[in-house]
Amino acid sequence: MLIYTILILTGSAIVGLALGFLIYKQKINAIYKEAKKQSETIKQDALKNAEVLKKETAVKAKEDWFDRKKELDKEITSRKKKLRGLENQYNQRIDNLENRLSKIASREQSINDRETNIAHLKINLQKKEVSLKDLIEQETIKLHEIAQLNKEEAIKKLFEKYENEAKLDAANLRKEIIDKSKSEAEEKATRILATAIQRYSVEHVAESCISVVPLPSDEMKGRIIGREGRNIRTFENLTGIEIIVDDTPEAVVLSGFHPIRREIARRSLEFLIQDGRIHPGRIEEVIAKMRDKIDKIIIETGKQTCLDLSLLDIPKSIQKLIGTLKFRTSYGQNVLQHSIETSWICGMLAAELGLDQSLARKIGLLHDIGKAVDFETEGSHPEIGAQIAKRNGLSDLIINAIEAHHEDVEAKSAYAILVQAADAISGSRPGARRETLETYMKRLEELENIANSFDGVYNCYAIQAGREIRLMVKHQQINDAQAEMLASDVAKKIEENLQYPGQIKVTVIREFRKTAQAK
């Protein structure tokens with residue numbers, strides 16, 4: 001029984017295994033078929049993709065080939081153009097060289113012809129020289145026979161004749177050269193000066209050594225004088241300015257040569273009159289305040305002037321001296337206004353000539369800086385100004401321009417000449433300066449005396465307020481060329497012997513008159 005059971009179980013197990021194997025085999029076959037089918041599908045897709053990719057690659061390769069071909073064609077075309085251009089240039093150069101060679105050949109031929117002609121001319125000249133020497137000897141013998149002069153006397157006579165003729169020719173040539181140079185130089189100088197003057201114009205205020213202070217009433221004069229004159233004495237001692245109390249109604253006069261002291265005195269007196277408290281203590285206090293105020297005005301004026309002229313590198317010590325010029329006058333002309341005007345004109349002249357405008361303006365502003373302290377220091381204001389510039393480390397060019405602006409020393413630069421011209425323009429402007437009648441008449445008299453000192457002058461007139469002198473000369477003694485030389489000599493003598501603002505024109509008039517009467 002047990003054996004049957006074991007056999008049955010064994011058989012069942014074998015059958016189960018056989019069935020399981022069959023089932024597994026069928027699944028394996030199904031999986032294999034499915035895998036084979038998928039592989040076939042993948043293979044087909046891969047072949048299709050490969051075919052598409054192959055076609056795309058071929059198309060792209062063709063496109064790249066066409067693009068590259070186009071670029072190469074363009075490059076070949078451009079190179080052909082360049083080669084044609086170089087070929088044309090080469091051919092043109094060859095043509096030019098051939099033309100030059102032909103010209104050189106023709107020039108050589110013409111030079112050879114000229115040399116041949118020159119050789120013939122030399123031979124002819126030698127022959128003519130020989131014949132001329134013979135002719136001169138013959139003429140000399142005839143002249144000796146006619147004039148009864150020996151050779152030395154004849155040579156002397158000829159030398160005298162030719163010397164006079166040469167002098168006359170030289171004078172005429174000098175006149176032509178001077179006329180031509182004057183016409184060109186005057187035209188250019190006139191244009192430059194006119195441009196500079198037109199671009200700048202300033203009003204001049206004439207001041208003097210006195211200041212008038214108005215009073216509210218004549219009773220104020222007594223308060224200014226004070227008990228036993230103590231107020232006026234204190235005021236004059238502290239300011240150094242004299243108070244003139246006279247019969248002038250409702251006004252007193254302050255007199256003094258020092259412009260800053262006079263300004264301090266004027267402001268102090270006006271403040272005291274307005275305040276009403278006038279006594280020695282108050283006078284001293286007000287004068288001290290006004291002195292400090294004037295110092296601040298001087299510093300601010302100097303600084304503002306430098307700013308207005310765009311001169312920012314001027315030392316502060318010189319800026320203060322520039323501010324001092326606000327209260328300084330010369331020939332009735334305010335020195336600060338004159339310096340500013342000279343500065344602008346000098347800069348404009350420099351601009352017209354292509355020079356440094358800033359440097360020219362600086363020299364123009366500082367040319368009269370010596371006048372800020374010339375009443376306290378010995379020497380002329382150009383010398384004092386040069387010393388101030390040297391102490392403050394300014395350049396030698398500026399120092400020379402300051403020192404030479406009145407031609408006391410030689411001008412070493414174009415800027416020194418410019419400041420001389422600008423200073424003359426500012427000083428000689430109508431109404432710019434004031435001179436006394438006595439000085440004016442003396443200058444005119446000296447001008448006429450200089451003109452009358454030359455031979456051949458029979459009359460002269462100073463006209464245009466001494467800006468021009470006209471000389472009448474004798475036509476028998478002075479010819480046209482000598483008249484030109486006479487005008488130059490008179491101008492030089494005026495420059496050497498006279499001091500005058502601006503320029504003086506010298507005109508020589510030579511007149512020939514012939515009269516006849518009809519009967």
* Asked: Just by distance, with hydrogens left out, do H367 and H406 show a side-chain donor and acceptor under 3.5 Å apart?
  -> no
**Item:** H381 vs H405 side-chain heavy atoms within contact, under 4.5 Å
**Value:** yes
### Query
Any donor and acceptor pair, going by atom type alone, linking the side chain of R233 with main-chain N or O of E228 inside 3.5 Å?
yes
Value for CD1 (I244) from CD1 (I232), rounded to nearest 0.5 Å, stands at 9.5 Å
Can you tell whether the side chains of K412 and D396 come within less than 4.0 Å, N to carboxylate O? no
Practice task
Measure the shortest side-chain to side-chain distance between I225 and V245 over non-hydrogen atoms and say whether it is less than 4.5 angstrom.
Solution key: yes
To the nearest 0.5 Å, atom OG1 of T239 lies from atom CD1 of I243 at 6.5 Å
Could you please spell out the steps behind the side chain to side chain contact (heavy atoms under 4.5 Å, CB included) verdict for L418 and L353? CA-CA 10 Å; L418 285 185; L353 297 173; 3.7 Å; yes
Checklist entry - Is any side-chain N of the basic residue among R266 and E270 closer than 4.0 Å to the acidic one's carboxylate O? => result yes
Quick one: are Y461 and M472 in side-chain contact, heavy atoms under 4.5 Å? yes
Are I398 and L359 side-chain neighbours, meaning at least one heavy-atom pair lies under 4.5 Å? yes
Shortest non-hydrogen pair, S413 vs L397, comes out as OG-CG, 3.9 Å
Take F327 and L336 through the side chain to side chain contact (heavy atoms under 4.5 Å, CB included) test and state the conclusion after the steps. CA-CA 8 Å; F327 304 102; L336 178 60; over 6 Å; no
Practice item. Output yes when K371 and D368 qualify as a salt bridge under the 4.0 Å nitrogen-oxygen rule, no when they do not. Key: yes
Residues passing the side-chain hydrogen bond (donor to acceptor under 3.5 Å, both in side chains) test with D308, sequence neighbours excluded, are Q304
Review point. Is a side-chain N or O of S343 found less than 3.5 angstrom from the main chain of S339, in a donor-acceptor match?
Key: no
With a 4.5 Å cut-off on side-chain heavy atoms, are I322 and L366 touching?
yes
* To do: May I ask you to decide if K320's main-chain N or O and T324's side chain share a donor-acceptor pair within less than 3.5 Å?
  => yes
(request) Show your working on side chain to side chain contact (heavy atoms under 4.5 Å, CB included) between S488 and M485 and close with a plain yes or no. (result) CA-CA 5 Å; S488 178; M485 297 177 65; 5.7 Å; no
(Q) Tell me whether R114 at atom CZ has more than 12 heavy atoms from other residues, nucleotides or ligands lying less than 6.0 Å away. (A) no
For the pair N334 (side chain) and K326 (backbone), establish whether a donor and an acceptor sit closer than 3.5 Å, ignoring hydrogens and angles.
-> yes
Answer yes or no: is there a donor N or O on one side and an acceptor on the other, between the side chain of R510 and the main chain of I478, under 3.5 Å? yes
Interatomic distance, CH2@W344 vs CG@L349, rounded to 0.5 Å, equals 13.5 Å
Q) Does E263 come within less than 4.0 Å of R267, counting only side-chain N to carboxylate O? A) yes
_Given 3.5 Å as the limit, does a donor-acceptor pair link the side chain of Q319 with the main chain of I314, or not?_
yes
>> Determine whether L269 and F235 satisfy the following criterion, side chain to side chain contact (heavy atoms under 4.5 Å, CB included), listing intermediate values before the conclusion.
In response: CA-CA 9 Å; L269 187 56; F235 191 92; 4.0 Å; yes
Next on the checklist: Quick check with a 6.0 Å cut-off and a 45 degree axis cone: is K493 positioned over the face of F454's six-membered ring?
Outcome noted: yes
Closest non-hydrogen atoms of K221 and V252, given as atom of the first, atom of the second and distance, are CG-CG1, 4.3 Å
Is there side-chain contact between T507 and I509, with heavy atoms separated by less than 4.5 Å?
yes
Checklist entry - With a cut-off of 6.0 Å (strictly less than), are more than 12 heavy atoms of other residues, nucleotides or ligands near CG of D313? => result yes
Practice task
For the pair Q420 (side chain) and A404 (backbone), establish whether a donor and an acceptor sit closer than 3.5 Å, ignoring hydrogens and angles.
Solution key: yes
All heavy atoms of P214 vs all of V212, minimum pair found to be CD-O, 3.7 Å
All heavy atoms of I469 vs all of E448, minimum pair found to be CD1-CG, 4.2 Å
In residues 280-289, what donor-acceptor pairs under 3.5 Å come from side-chain atoms, sequence neighbours left out?
{"unit_1": "R282", "atom_1": "NE", "unit_2": "D275", "atom_2": "OD2", "d": "3.2"}
{"unit_1": "R282", "atom_1": "NH1", "unit_2": "E285", "atom_2": "OE1", "d": "3.4"}
{"unit_1": "R282", "atom_1": "NH1", "unit_2": "E285", "atom_2": "OE2", "d": "3.3"}
{"unit_1": "R282", "atom_1": "NH2", "unit_2": "D275", "atom_2": "OD2", "d": "3.4"}
{"unit_1": "E285", "atom_1": "OE2", "unit_2": "K289", "atom_2": "NZ", "d": "3.4"}

| Do any N or O atoms from the side chain of E242 and from the backbone of E236 form a donor-acceptor pair under 3.5 angstrom? | no
So CG of L486 and CD of Q477: to nearest 0.5 Å the spacing works out to 11.0 Å
For this session: Would you check if the side chain of S106 reaches a backbone N or O of K103 as a donor-acceptor pair within less than 3.5 Å?
Result: yes
Tightest non-hydrogen contact, residues I369 and I318, listed as CD1-O, 4.2 Å
Separation between OG (S310) and CD (Q357), nearest 0.5 Å, reads 10.5 Å
Rounded to the nearest 0.5 angstrom, the CZ-CG distance for R328 and L321 is 12.5 Å
Residue pair V457 / V508, side-chain heavy-atom distance below 4.5 Å: no
Heavy atoms of A386 and I402 approach each other most closely as N-CG2, 3.7 Å
Got a donor-acceptor contact below 3.5 angstrom from the S453 side chain to the I450 backbone? yes
Check: Can you tell if the side chain of Y415 reaches within under 4.5 Å of the side chain of D356, non-hydrogen atoms only?
Finding: yes
